[in-house]
Number of protein chains: 2
Amino acid sequence: MYYYYLIMPVNKLSPLFSNSETIKCLYYNKVATSTEVSNLTGKSIPHVIKVLGELTKAGYVTVNGYASSSGGRKPLVYSLVADSHYILSVAMDQFSAQMVIVDMNNAFVTDTERYEFPINELTPDALIAYINEFLEKKEIARETIIGVGLTMPGFIDTEQNVNYTYSSIAGESLVGYIQQQISIPVFLENDSTAIAIAEQKFGVAAHIKNVMVLNLGWGIGLGMILNDQLFTGNNGLAGEFSHIPLFKNGKLCTCGKHGCLETEASLIAVTANARQGIKEGLTTSLANYPEINADIIIAEAIKGDVFSVKLISEAAYHVGQGLAILIHLMNPGAIVLSGKGSMVGKLWLAPIQQAINEHCIPRLTQFTEFKISDLNTRAQLIGGAALVVENFGKALEEKLNSIEAVT
Amino acid sequence: MYYYYLIMPVNKLSPLFSNSETIKCLYYNKVATSTEVSNLTGKSIPHVIKVLGELTKAGYVTVNGYASSSGGRKPLVYSLVADSHYILSVAMDQFSAQMVIVDMNNAFVTDTERYEFPINELTPDALIAYINEFLEKKEIARETIIGVGLTMPGFIDTEQNVNYTYSSIAGESLVGYIQQQISIPVFLENDSTAIAIAEQKFGVAAHIKNVMVLNLGWGIGLGMILNDQLFTGNNGLAGEFSHIPLFKNGKLCTCGKHGCLETEASLIAVTANARQGIKEGLTTSLANYPEINADIIIAEAIKGDVFSVKLISEAAYHVGQGLAILIHLMNPGAIVLSGKGSMVGKLWLAPIQQAINEHCIPRLTQFTEFKISDLNTRAQLIGGAALVVENFGKALEEKLNSIEAVT
DNA sequence: GAATACTTTTTTAAATTTTTAAAAAGTCTT
DNA sequence: AAGACTTTTTAAAAATTTAAAAAAGTATTC
């Protein structure tokens with residue numbers, strides 16, 4: 001089992017790289033017929049059938065019987081062999097990392113574990129230790145893991161594999177270092193971008209050509225799907241929705257500028273406003289807590305605390321102001337509320353709509369639909385796994401190279 | 001000559017449609033070697049050489065001798081036959097239409113004529129009369145014109161071929177009507193989008209993957225090049241930069257909303273501010289005019305009138321505020337100042353930079369370059385012609401169909 | 001309820017396209 | 001001026017697509 005890749009002649013495997021489009025297709029659709037794969041990959045049916053046959057022989061793909069037909073020959077149904085490979089998804093936010101292992105049917109095959117630490121204190125070696133600990137605990141053979149999807153906040157340059165914001169963990173060449181230490185290919189991506197991928201492939205953004213996916217968390221991230229593909233800008237830094245200069249409130253933002261959207265609309269701003277309100281002696285159930293945080297405000301808002309609802313509504317209205325700009329510029333087919341904050345998506349929706357109605361040309365708004373994510377807190381983990389699938393060919397190749405280097 | 005298309009068997013021509021990528025490539029590069037065409041179209045060299053041979057035989061392409069080589073066999077240089085076809089470009093703004101005929105080397109082969117009228121009073125029949133008048137005056141055989149590129153301001157849905165803003169001239173099916181009346185295929189596009197195409201293909205935006213092209217005119221239009229291709233949103237309505245809600249000035253915009261960028265930054269706003277200043281008795285050479293307009297203010301600003309410069313600077317600063325948002329969202333490689341207003345591009349640049357410095361995260365600005373168009377007032381006309389080239393295959397097909405219908 | 005018409009998928013064979021390799025044509029250095 | 005190196009073009013092989021036929025169903029009709 002361990003020597004699987006070694007026994008197989010290298011040049012025998014090479015067609016697999018070019019077949020990664022078919023693998024992606026099956027991963028995102030769970031099951032598919034040859035016609036469906038043909039339509040999705042843009043390859044001809046005879047070619048697709050040949051590829052599927054090869055992949056079946058190689059153990060990546062299996063036939064699941066026949067699908068029904070509206071009249072005509074029943075098509076064979078193909079799917080990936082769920083346990084042929086696994087993916088480790090590592091989803092970080094400012095204060096923790098969540099890990100889970102995903103199979104080739106996009107199913108979580110382990111519990112999700114959370115490791116807590118402030119992100120800017122994390123070292124590569126500490127992260128490696130967490131990953132090793134997790135893998136040993138879950139008793140998944142390292143050789144079956146095709147790649148690690150590492151997703152985190154920050155300005156991430158995916159060409160250079162660098163996180164400019166948190167360079168201690170993902171600075172220059174550190175991704176390469178981690179990859180080498182755990183002997184599994186590692187793919188790095190921004191958290192909001194990962195969430196956008198998840199929503200596009202498995203969420204409410206599926207099959208919409210142009211989508212703005214909001215990551216409602218500590219800040220307000222934005223992942224953009226334009227013309228059915230991820231848009232990350234000229235240097236991978238697009239989507240800094242949080243820091244668009246929108247207010248003349250004089251409030252200093254963490255980015256060093258004044259009046260960013262974040263200063264009025266993030267959960268950090270909401271928490272600050274809550275503290276101010278309590279200090280002023282407002283009637284609110286928040287006053288019963290010794291110390292408050294965003295989770296508490298959200299919880300109380302759901303329970304119906306008027307002040308908490310007002311706080312979130314205000315933030316949401318400001319987000320809506322920003323979205324009005326986005327709609328004018330991008331004319332998107334949909335805007336998706338995702339990320340942690342989407343758990344209370346309906347609380348956000350009304351004030352956002354209000355702001356849009358006030359600030360948008362009606363002719364434009366009619367084309368943009370609002371949707372609330374149903375992936376909940378799993379979005380980033382799913383996106384991280386999809387990131388590895390997107391790079392399946394590359395992952396396989398790197399795995400081969402590393403094994404070749406050992407022999 | 002007249003029956004050229006009829007003599008040729010229809011199915012003989014069909015490969016030409018699929019060769020339109022090669023034609024586009026030659027049109028945009030003026031001259032190109034087989035290797036260049038191969039790289040640009042993504043087709044293999046043997047295939048490109050075959051296609052070029054066919055096109056040469058059909059009279060579309062000619063060989064221009066050999067290019068120099070940095071070491072190695074000299075490549076053959078191909079170009080389009082300049083007079084094999086012509087394009088009529090019709091560029092409208094709010095008050096006039098400019099027309100010119102362009103050959104297959106992207107050269108203007110006639111003078112540019114201007115027809116004046118308020119755009120919302122123009123009828124399709126009037127436009128048809130202007131076009132016919134122009135064509136007869138220029139003595140260009142109608143059969144050699146492969147298509148008309150019609151570009152104008154307004155919310156244009158390129159799927160439906162409808163201008164929602166000025167529907168009297170380009171409402172439902174009116175484009176089809178014009179096309180039928182003049183027996184030449186017509187292609188409709190937004191003015192700012194046309195300018196963006198022109199800048200990408202022939203201007204300072206060439207070879208940059210992600211570019212924001214500003215159309216500085218009566219309003220402030222925006223055409224976006226994302227991942228090397230035009231982005232027009234889910235319904236062709238993207239780029240409404242003029243109407244992003246940015247101010248709390250209470251000023252009513254033509255769009256019906258308050259506080260649009262246009263209310264502070266357009267030439268209309270500049271003119272209003274100028275009148276106000278004159279009324280207040282400020283010292284300015286503008287006071288010498290019985291009635292002022294944007295052209296006069298620009299002229300006086302160039303001459304050095306302090307008040308005029310201040311007016312334009314203020315507008316430019318506001319444009320810069322909007323651009324700061326754009327940079328955060330899109331992380332563009334370049335921002336191009338184009339359109340009529342770019343004639344005084346340097347006047348705009350300093351205050352825009354000022355605003356960017358104040359409102360943008362420095363890490364982002366370093367990746368975005370500012371450029372001033374060198375296409376001047378020709379940008380929209382060039383873009384209109386390019387629009388026809390982009391649809392060359394379609395144009396040829398429609399021409400064929402219309403001739404077929406006659407026989 | 002069997003025969004026929006219609007759909008849809010799969011297979012087969014032919015045509016096209018692309019890739020790979022080799023040959024031709026040229027430049028540059030020593 | 002010869003040989004090493006580059007680049008384009010041609011030729012042959014490999015891969016992919018297109019078109020057509022065959023296979024396997026479903027629905028309808030008499």
Side-chain angles (χ1 to χ4, degrees), chain A residues 9-26 29-58 60-79 393 396-397, chain B residues 9-26 29-58 61-79 393 397:
Chain A
V10 172
N11 60 342
K12 260 280 182 189
L13 258 176
S14 59
L16 270 181
F17 306 148
S18 64
N19 295 347
S20 53
E21 283 305 310
T22 303
I23 289 175
K24 279 184 216 175
C25 183
L26 289 174
N29 284 59
K30 302 255 195 334
V31 296
T33 66
S34 59
T35 309
E36 283 164 353
V37 174
S38 169
N39 288 336
L40 291 165
T41 59
K43 303 284 171 180
S44 68
I45 290 178
H47 182 238
V48 164
I49 287 176
K50 197 188 104 199
V51 168
L52 285 170
E54 283 169 9
L55 288 173
T56 304
K57 213 181 243 175
Y60 289 77
V61 165
T62 183
V63 174
N64 282 22
Y66 297 94
S68 64
S69 164
S70 62
R73 185 167 172 174
K74 285 178 178 172
L76 284 171
V77 177
Y78 298 87
S79 69
L396 217 54
E397 195 168 8
Chain B
V10 174
N11 58 341
K12 260 279 184 189
L13 256 177
S14 59
L16 270 182
F17 305 148
S18 64
N19 296 348
S20 52
E21 284 304 311
T22 303
I23 290 176
K24 280 183 213 175
C25 186
L26 290 173
N29 285 56
K30 301 257 195 331
V31 294
T33 66
S34 59
T35 309
E36 283 165 354
V37 174
S38 169
N39 289 336
L40 290 164
T41 59
K43 302 286 169 179
S44 68
I45 289 178
H47 182 238
V48 165
I49 287 177
K50 198 187 103 200
V51 168
L52 285 170
E54 284 169 9
L55 287 173
T56 305
K57 209 180 249 174
V61 167
T62 182
V63 174
N64 282 22
Y66 296 94
S68 65
S69 165
S70 64
R73 183 167 172 175
K74 284 180 178 170
L76 284 171
V77 177
Y78 299 87
S79 69
E397 194 168 12

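Note that the coordinates shown come from a computational prediction; the quantities given were computed from them, not determined experimentally. Order of the sequence lines sets the chain letters (A, B, ...), proteins ahead of strands, with each chain counted from 1. Any value given below was found using the heavy atoms of this structure, including those in side chains, with hydrogens, waters and symmetry copies removed.
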Undergrad: Which pairs, protein N/O on one side and nucleotides 18-22 of chain C N/O on the other, fall under 3.5 Å?
TA:
unit_1: C/dT18; atom_1: OP1; unit_2: B/K43; atom_2: NZ; d: 3.3
unit_1: C/dT18; atom_1: OP2; unit_2: B/H47; atom_2: ND1; d: 2.9

Undergrad: Minimum heavy-atom separation for A/S68 to A/P75, with atom names?
TA: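 For A/S68 versus A/P75, the nearest heavy atoms are O-CD, 4.1 Å.
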Undergrad: Take A/G72 and A/V48, find for each the nucleotide of DNA chain D with the closest heavy atom, and name the residue whose nucleotide sits nearer the 5' end.
TA: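 Its nucleotide being nearer the 5' end, the pick is A/V48.
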Undergrad: Can you check the B/E36 CD to D/dT7 P distance for me, whole Å?
TA: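 After rounding, the gap between these two atoms is 13 Å.
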Undergrad: In whole angstrom, give the distance that lies between atom NZ of A/K74 and atom P of C/dC6.
TA: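 Computing the A/K74:NZ to C/dC6:P distance gives 22 Å.
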Undergrad: Side chain to side chain contact (heavy atoms under 4.5 Å, CB included) with A/Y78: which of A/L52, A/V31, A/V37?
TA: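 So the option named by the test is A/L52.
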Undergrad: Using the side chain to side chain donor-acceptor pair (under 3.5 Å) criterion, which residues pair with A/N39? Sequence neighbours excluded.
TA: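 Once residues adjacent in sequence are excluded, A/N39 has no partner under the side chain to side chain donor-acceptor pair (under 3.5 Å) criterion.
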Undergrad: Rounded to whole Å, how long is the line connecting atom OH of B/Y66 with atom C1' of D/dT7?
TA: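 After rounding, the reported distance stands at 14 Å.
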Undergrad: Whole angstroms only, please: what is the CG-C1' distance between A/L76 and D/dA23?
TA: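 These atoms are roughly 13 Å apart.
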Undergrad: Indicate yes or no: at least one non-hydrogen side-chain atom of B/Y66 is less than 4.5 angstrom from one of B/L76.
TA: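 Yes, side chains in contact.
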Undergrad: By side-chain contact (heavy atoms from CB on, under 4.5 Å), which residues pair with B/K24, not counting sequence neighbours?
TA: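 Expected list: B/E21, B/Y28, B/V389, B/E390.
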Undergrad: D/dT18 P sits how many Å from A/I49 CD1, rounded?
TA: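 Roughly 15 Å, once rounded to whole Å.
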Undergrad: Considering every strand and a 4.0 Å limit on heavy-atom distances, what is the contact class for A/S34: base, sugar-phosphate, or nothing?
TA: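 A/S34: backbone/sugar contact only, no base atoms under 4.0 Å.
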Undergrad: Can you spot which of A/V48, A/T33, A/T22 makes a side chain to side chain contact (heavy atoms under 4.5 Å, CB included) with A/S38?
TA: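 When side chain to side chain contact (heavy atoms under 4.5 Å, CB included) is applied between A/S38 and each of A/V48, A/T33, A/T22, only A/V48 qualifies.
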Undergrad: Calculate the interatomic distance between B/E54 atom CD and C/dT16 atom P; express it in whole Å.
TA: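 Going from CD in B/E54 over to P in C/dT16 covers 11 Å.
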